[in-house]
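These numbers come from a predicted model, not from an experiment.
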Amino acid sequence: VLNPQFVAVDKDNLYVSEKTTIHVYGLSDYRLKSTFGKEGEGPGEFMLYAMVIPMTDALLINSRGRVSFFSRTGTYIREIKSQAGYTARVYIPLAKGFVGQGNAVESQKFFQTYSLYDANLTKKKDIYRYQIDRSRDKINPFSILMYRINCKTYQDKCYLSNDDEP
């Protein structure tokens with residue numbers, strides 16, 4: 001692995017995403033167990049990135065505009081395409097649906113958003129919207145990356161925290 005982008009761990013495995021490829025390593029010996037994923041728009045393929053979220057019985061993979069489900073060893077199960085297109089880019093399992101984190105631009109104002117989605121990734125309601133101060137961008141064009149609203153789910157509840165100080 002030369003350029004890891006996302007790392008996730010469950011009780012048995014370490015998952016390392018490198019663009020659209022996911023490497024699965026065993027935690028007991030750190031040996032490579034499997035590698036899966038490639039760039040594309042078909043079943044089992046990913047666009048731009050593949051972010052792994054281990055679940056109890058499967059892996060949820062976020063990839064631009066959709067969520068794919070795989071076995072813990074990398075066997076493709078199914079996918080759901082987002083009704084929101086690319087506006088919600090990360091989906092986190094919550095109860096029988098998802099929390100979606102995304103971005104919105106309205107009247108030249110930039111927002112980071114969190115919304116509730118059903119099991120088919122249909123947006124149900126916004127739960128949080130945070131306006132990003134883009135005036136800092138003139139000094140540092142990457143300042144948008146310094147704003148962090150952290151989202152965690154636990155026992156079917158969503159917790160958001162704001163770490164917006166760069």
Side-chain angles (χ1 to χ4, degrees), residues 1-84 86-103 112-123 127-128 142 144-166:
V1 178
L2 299 175
N3 188 20
Q5 292 178 302
F6 300 103
V7 176
V9 178
D10 65 16
K11 63 183 176 93
D12 299 314
N13 297 314
L14 169 70
Y15 305 94
V16 180
S17 299
E18 187 173 33
K19 293 189 180 183
T20 58
T21 302
I22 299 167
H23 307 280
V24 182
Y25 296 90
L27 284 179
S28 62
D29 59 6
Y30 299 105
R31 289 186 184 212
L32 181 65
K33 288 180 161 182
S34 63
T35 298
F36 65 97
K38 65 179 182 175
E39 185 150 359
E41 296 185 37
E45 298 175 337
F46 309 116
M47 293 174 50
L48 299 178
Y49 62 88
M51 181 182 167
V52 179
I53 298 176
M55 298 170 39
T56 304
D57 57 349
L59 299 175
L60 180 149
I61 314 293
N62 279 285
S63 182
R64 197 166 180 206
R66 66 182 165 176
V67 170
S68 300
F69 295 89
F70 287 78
S71 71
R72 293 160 111 32
T73 56
T75 302
Y76 175 77
I77 299 171
R78 68 184 175 101
E79 75 178 15
I80 307 169
K81 291 190 179 182
S82 171
Q83 305 300 316
Y86 301 132
T87 58
R89 58 190 164 113
V90 175
Y91 296 96
I92 302 166
L94 178 67
K96 295 180 182 177
F98 301 91
V99 174
Q101 183 270 324
N103 301 312
Q112 186 174 26
T113 63
Y114 284 88
S115 305
L116 295 178
Y117 291 81
D118 68 13
N120 295 312
L121 295 183
T122 301
K123 185 177 175 180
I127 57 173
Y128 188 77
F142 296 103
I144 191 73
L145 302 174
M146 295 178 196
Y147 293 95
R148 300 276 311 162
I149 306 298
N150 297 303
C151 178
K152 299 290 180 198
T153 59
Y154 180 69
Q155 295 184 344
D156 294 337
K157 293 183 180 165
C158 178
Y159 300 90
L160 299 173
S161 65
N162 185 341
D163 298 334
D164 70 345
E165 292 300 319

Counting distance only, does the side-chain N/O of [X] pair as donor-acceptor with the main-chain N or O of [Y] below 3.5 Å?
| X | Y | result |
| --- | --- | --- |
| N120 | T122 | no |
| S17 | A50 | yes |
| T20 | M47 | no |

(request) Could you tell me whether F6 and F46 have their ring centroids closer than 6.0 angstrom? (result) no

(request) Could you tell me how the ring of Y117 sits relative to the ring of Y91: parallel (under 30°), tilted (30 to 60°) or perpendicular (over 60°)? (result) perpendicular

(request) If the plane angle is over 60° it's perpendicular, under 30° parallel, otherwise tilted; pick one for Y128 and Y114. (result) tilted

Looking only at non-hydrogen atoms, find the nearest pair between [X] and [Y] and report the distance.
| X | Y | value |
| --- | --- | --- |
| P4 | V16 | CB-CG1, 3.7 Å |
| P54 | V9 | CG-O, 3.9 Å |
| H23 | L32 | CB-CD1, 3.9 Å |
| V52 | A8 | O-CB, 3.6 Å |

(request) Step by step, work out the side-chain contact (heavy atoms from CB on, under 4.5 Å) result for F98 and I92. (result) CA-CA 5 Å; F98 301 91; I92 302 166; over 6 Å; no

(request) State whether a side-chain donor-acceptor pair under 3.5 Å links T113 with S115. (result) no

(message) Between N62 and Y49, is there a side-chain donor-acceptor contact under 3.5 Å, judged purely by atom types and distance?
(response) no

(message) Counting C-beta onward and ignoring hydrogens, is there a side-chain heavy-atom pair between L27 and L14 closer than 4.5 Å?
(response) yes

(message) With heavy-atom distances below 4.5 Å as the criterion, would you say the side chains of L48 and K19 are in contact?
(response) no

(request) Go through the structure and list residues passing salt bridge (charged side-chain N to carboxylate O under 4.0 Å, His left out) with E79, not counting sequence neighbours. (result) R66

(request) Only one of T75, I61, L60 passes side chain to side chain contact (heavy atoms under 4.5 Å, CB included) with F70; say which it is. (result) I61

(request) Quick one: do V24 and T73 satisfy side-chain contact (heavy atoms from CB on, under 4.5 Å)? Show the steps, please. (result) CA-CA 7 Å; V24 182; T73 56; over 6 Å; no

(request) Using the salt bridge (charged side-chain N to carboxylate O under 4.0 Å, His left out) rule, collect all pairs that involve residues 45-60, keeping only residues at least two apart or in two chains. (result) K38-E45

(request) Assess whether atom NZ of K33 is packed by more than 12 heavy atoms of other residues, nucleotides or ligands within 6.0 Å. (result) yes

